[in-house]
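First up is the structure itself, then whatever we jot down about it.
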Amino acid sequence: MSENISYTAVVPVAGTGTRLRPHTYTYPKVMLTVGDKPIIGHILDKLSSAGIRKIVLVTGYLGNKIRDYVDSCYSELRVSYVEQTEQKGLGHAIWLTRTNVSGPMLIMLGDTIIDADLSKFTGSPDDCIAVKEVSDPRRFGVVETKDGYISAMVEKPENPKTNLAIVGIYSFHKSEPVYAALQSIVDSGAKTKGEIQFTDAMALMLKNGHKIKPLQIDGWYDCGKAETLLMTNRFILGRKGTAAERKGCLIVPPVYIDDSAEVGNSIIGPNVSVGAGAKISGSIISDSIINEHATIRDMNLENTLIGPGAVVRGFRNKLNVGENSEISL
Ligand code: UTP
């Protein structure tokens, strides 16, 4: 893939990830594992495979952990960091990058993994926003359209007029009008739901006559909550999970089991990620993420997230059960 020299990607990852507590008490959301690597790794792989090399990460909450990982695993990319010390909203996070970006920009949110070709965005003659039809649009920014372009945009509306949700990718041929709109929002002190919203800046651009096209993408995978993180894990393993073999184990693909994990006497899969140095024995596990250096013994788990280094032990009973007995543990 040739280098897409003109575009700078802005990836805001400063949020505290409250919906993913307790995991986000010690890890920033983008450092949580999904499939074979942290969320931010999937995002950077996507940008890199689209030929984008210049990336600005807006970090804040536990930002050092993100920086350590990115600097050691993605040294081929030109990543710079902007610090958002207070999480005042997505609009504020993007506004902070105004002196780091000029020319075309692509914004990709830190809790979005997509299965779509980014050249649909960078190759379009229009400025674009990714949208997807969702059943309950009230927790998203929602767009209305007219003649193929976006005519209005509202953040988390009580009564959405469409079910087209904004799903975290934005492309602009010129960054200047975006930062000008953000500057107006910041100067005016306008907040929606207590935050400086990027959607409000986009709405202002529309009001000023700016044309933005909605680009529908189906392959959008949210990582914002435990359930959606596990669904995204399923999707990623379905794409690139392996059928690992471990002595004494039944492995039901797709799974990802790190080479350094010790797995014995267990049934693992489908849709299980096991991180480096994890130890699993005597267990049945499906649809779960077991992070690095976690220990699982004698457990039956599904739809489970186990944090790094956590220890979970079940128990084995010795029973002597007579005819017609009924026992539930
Ligand atoms: P979210 O709205 O999902 O917030 O942000 P969050 O903190 O990550 O998660 P919850 O809602 O508390 O569970 C969407 C994206 O915007 C970034 C987040 O890091 C995430 O990638 N963001 C949000 C910022 O960088 N700064 C902010 O002030 C707000």
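For ligands, and for the atoms within them, numbers begin at 1 and follow the listed sequence.
Salt bridge status for Asp45 with Lys37: present, with a side-chain N to carboxylate O gap under 4.0 Å.
Annotation for Leu62: hydrophobic cluster partners, listed by chain and number, are Tyr61 (ILVMFWY side-chain heavy atoms under 4.5 Å, direct or chained). In this structure, Ile267 shares a hydrophobic cluster with Leu250, Val252, Ile284, the cluster being traced through Ile, Leu, Val, Met, Phe, Trp and Tyr side chains under 4.5 angstrom apart. By the 4.5 Å side-chain criterion applied to Ile, Leu, Val, Met, Phe, Trp and Tyr, Val311 is assigned to no cluster and stands alone.
With hydrogens and angles disregarded, no donor-acceptor distance shorter than 3.5 Å links the side chain of Asp126 to the backbone of Cys128.
Contact check for Thr122 versus Pro104: no side-chain heavy atoms found under the 4.5 Å cut-off.
Ligand 1 is surrounded by Pro12, Val13, Ala14, Gly15, Thr16, Gly17, Thr18, Arg19, Lys29, Gln84, Gln87, Lys88, Gly89, Leu90, Ala93, Gly110, Asp111, each with at least one heavy atom closer than 4.0 Å.
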